[in-house]
Protein chains: 2
Amino acid sequence: MTLKQLRYFIEVVRHNLNISRAAQTLCTSQAAISKQIHLLEEELSVQLFIRHGKRILRVTRAGQDVLETAERMLRDTENIRAITADHTDHSRGNLAIAGTPTQIYYALPHVIQQFSASYPQVQISLSQGSPHQCADRVVTGEADLCIATEVIEEYPTLVMLPCHQWSRCIVTPRRHPLTRCKPLTLEDIARYPIITYEFTLALRSPTRVAFDRKNLKPTVVLTASDPRVIKTYVTLGLGIGLVSSTAVDARQDRNLAILDAGHLFEPGITAIGLVRDSYIRQYAYDFIRLFAPQLTREAITKVKTRL
Amino acid sequence: MTLKQLRYFIEVVRHNLNISRAAQTLCTSQAAISKQIHLLEEELSVQLFIRHGKRILRVTRAGQDVLETAERMLRDTENIRAITADHTDHSRGNLAIAGTPTQIYYALPHVIQQFSASYPQVQISLSQGSPHQCADRVVTGEADLCIATEVIEEYPTLVMLPCHQWSRCIVTPRRHPLTRCKPLTLEDIARYPIITYEFTLALRSPTRVAFDRKNLKPTVVLTASDPRVIKTYVTLGLGIGLVSSTAVDARQDRNLAILDAGHLFEPGITAIGLVRDSYIRQYAYDFIRLFAPQLTREAITKVKTRL
DNA sequence: CACCGTTACGGTATCCGTAAGGATT
DNA sequence: AATCCTTACGGATACCGTAACGGTG
């Protein structure tokens, strides 16, 4: 059993059981991968794949179980690299962050500015996506951490650290009838077409629950994951926006009216996601502390080692 | 980075930084190990060892951190082997149990008899030692599980599953004056020289606490980890024995008087120890259930994944 | 002097890439 | 017909064991 064999196995599974494609990303030949996997299967005397002739159809049960452990081993090789990199040079390295657009555009710029000042040698890479896409990137190792606008619990290897609460608000064109509703109620809101995030009105989401409780069925005319998109279409008069308060700013959004809706919906929670087994470099701890001061190194280790 | 390199590194550390001895257990040459470790250090661009000329003095801090992760990786290779073995043949394999003499001689025989009847193809190996030695064997991977007479919390990778409570008793030669003390008190016991386990009267142990509370300072004339040894010397009149009730049997120990002391000391707890990350084979789960029926597969996984 | 780690060297085994073969969609 | 996995083969590479070298206690 070699790391290479496990690596190949994992990459084939990740490429939908296509050895040829896996070979491309691994910079080797199909034959090499095929051979190594056969050797692995021989050594373990287990079929990892169910084959039909010369096609790989799916992963066996044994293969599934092996896969989980192999993935941890691969993560551990990355951990070892991170450990040694940390020991040779604290201040140099990469930090890949996956975040939702709200975080990337509104919460992070200030944090990253500060961080970059103290760690000019650390290359930061940002990628944006839905909360689940972000979580995915962390689990697969493409990102070191994710910052999402909700707590994701589907992944056993992912640890979510709650950071901040955030409330929701309604944005409308200026002089919109809603601006005269004081206090603002759910009934008022439900009267107008809504533009909001993809998952805001998903089943059992806090907002959906709030409307359901009053038997209101608001219409959603448009969804987007980027609050700037939402605000643009609100300006065009397509509907009213239901977004996070972090995504609005009275000065920047002068062409919009901002109506606080914190009293109408349960607050949301921003959380940082990490892979449980992953080694966190010193500067990553520092980054997290800039984002959420209560998350000290000790606090994080505690959450990571317990459940 | 290869598994071989990590394996070599770990084994050198385990052999007190002696490459030559490590080479023996690894069935290879000193030169091979030396080279691979240098290659590893080069790839990671980190010194794993502090050397003085051609002596290896100690492990660097970086080396320590790498070691921990490397050990998990090695454990994971064992896990993969166990996984695949489980899928090819549920009923064949090894089960290495480390236990204290009390468990090995008194609690386990019946369990192992039953187990062996349902899994005749599983080779059981028993090793005995002090609770800490047993825990050590599990942590280093020499044993799959340990059964100890106390809960050991020093090892972060070790998960202890409480199984049974046990009480203590006093064994004396027949017609000993103590047999006439009814009810038996701590003061009575403290009047005679005591023969007991090594750690029974350690600081803050339940027994020590009981004596301390009454300001009694019993004398211990002899300690042993094996209750049969203790009983032998009790028979010879050296003193009275303070042992676990599991270690006495009215029929087998006819030449001794057995006095229950459950009302005088806090009960002890028998626990099974497992390495958190380890894959547990089906028959091992079955073995554990034979020993402690409440420890189902689900119960164990729960404890293993949470803290 | 005994022990030990490092370096050098030659043989072997392994692994890769190319290319051909065979199976499936 | 196109795609894809497997097998075969030759060459390059990596690895190991032996042995000599250089430090250390």
Side-chain angles (χ1 to χ4, degrees), chain A residues 1-60 62-64 66-67 70 73-74 77 80, chain B residues 1-60 62-64 66-67 70 73-74 77 80:
Chain A
M1 191 189 323
T2 66
L3 283 173
K4 192 181 305 193
Q5 290 167 347
L6 299 173
R7 179 87 229 259
Y8 285 4
F9 173 48
I10 290 173
E11 215 59 42
V12 170
V13 175
R14 285 201 185 151
H15 285 78
N16 291 316
L17 308 179
N18 185 320
I19 293 188
S20 309
R21 303 211 189 295
Q24 287 174 356
T25 62
L26 288 169
C27 296
T28 184
S29 66
Q30 306 133 5
I33 296 183
S34 177
K35 180 136 192 224
Q36 290 303 320
I37 288 183
H38 277 270
L39 281 174
L40 181 59
E41 289 182 318
E42 193 185 341
E43 178 177 348
L44 300 175
S45 51
V46 156
Q47 292 273 108
L48 297 174
F49 293 127
I50 295 175
R51 298 171 170 82
H52 180 59
K54 301 210 167 180
R55 296 283 146 136
I56 296 178
L57 294 184
R58 45 198 201 83
V59 181
T60 60
Q64 270 299 342
V66 170
L67 190 67
M73 291 180 68
L74 258 290
T77 65
I80 286 181
Chain B
M1 190 189 323
T2 65
L3 283 174
K4 192 181 303 193
Q5 291 167 345
L6 300 173
R7 180 86 230 260
Y8 285 4
F9 173 48
I10 289 173
E11 215 59 42
V12 169
V13 175
R14 286 200 184 151
H15 285 79
N16 291 318
L17 308 179
N18 185 318
I19 293 188
S20 308
R21 304 215 187 293
Q24 287 173 356
T25 61
L26 288 168
C27 297
T28 184
S29 65
Q30 305 131 6
I33 296 183
S34 177
K35 179 140 192 219
Q36 289 303 320
I37 288 183
H38 278 271
L39 281 174
L40 182 60
E41 290 183 316
E42 192 185 342
E43 178 177 347
L44 301 175
S45 50
V46 157
Q47 292 274 109
L48 297 173
F49 293 127
I50 295 176
R51 299 172 171 81
H52 179 59
K54 300 210 166 179
R55 295 283 146 138
I56 295 178
L57 294 183
R58 45 198 201 83
V59 181
T60 60
Q64 269 300 342
V66 171
L67 190 66
M73 290 179 69
L74 258 289
T77 65
I80 287 181

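Convention: sequence-line order gives letters A, B, ...; per-chain numbering from 1.
Across C:dT6, D:dT7, D:dC4, the shortest atom-to-atom separation from the side chain of A:Asn18 is found for D:dC4. The nucleotide whose nearest atom lies closest to any side-chain atom of B:Ser34 is, among C:dG5, C:dG17, D:dC5, C:dG5. With D:dG17, D:dT6, D:dC5 as the choices, the nucleotide that has an atom nearest any side-chain atom of A:Ser20 turns out to be D:dC5. Nearest to the side chain of B:Lys54, among C:dC16, D:dT6, D:dC21, sits D:dC21.
Going from atom OH of A:Tyr8 over to atom P of D:dC5 covers 15 Å, rounded to whole Å. One can place CZ of B:Phe49 at 18 Å from P of D:dT24, the figure rounded to the nearest angstrom. Residue A:Ile19 contributes atom CD1, which lies 15 Å from atom C1' of C:dC16 at whole-angstrom precision. Atom CD in A:Gln30 sits roughly 13 Å away from atom C1' in D:dT7 (whole-Å rounding). Atom P of nucleotide C:dC16 and atom NE2 of A:His38 are separated by 14 Å, given to the nearest angstrom. In this structure, the CD1 atom of A:Ile56 is 15 Å from the C1' atom of C:dG22, given to the nearest Å.
A donor N or O paired with an acceptor N or O is not found under 3.5 Å between the base of C:dT25 and the side-chain atoms of A:Arg55.
For A:Glu41, the side-chain hydrogen bond (donor to acceptor under 3.5 Å, both in side chains) test picks out A:Arg51, with sequence neighbours left out.
A:Val59 has its side chain within reach of A:Phe49: a pair of non-hydrogen atoms, C-beta onward, lies under 4.5 Å apart. Between B:Leu40 and B:Tyr8, every side-chain heavy-atom pair lies at or beyond the 4.5 Å cut-off. Between A:Glu11 and A:Arg7, some side-chain heavy-atom pair lies under the 4.5 Å cut-off.
Mapped onto DNA chain C by nearest heavy atom, B:Arg21 and A:Cys27 fall at different nucleotides, with B:Arg21 at the one closer to the 5' end.
Using a 4.0 Å heavy-atom criterion, one finds that A:Ser29 contacts the bases of the nucleic acid, with or without backbone contacts as well.
Under 4.0 angstrom from either OP1 or OP2 of D:dG23 there lies no side-chain N or O belonging to B:His52.
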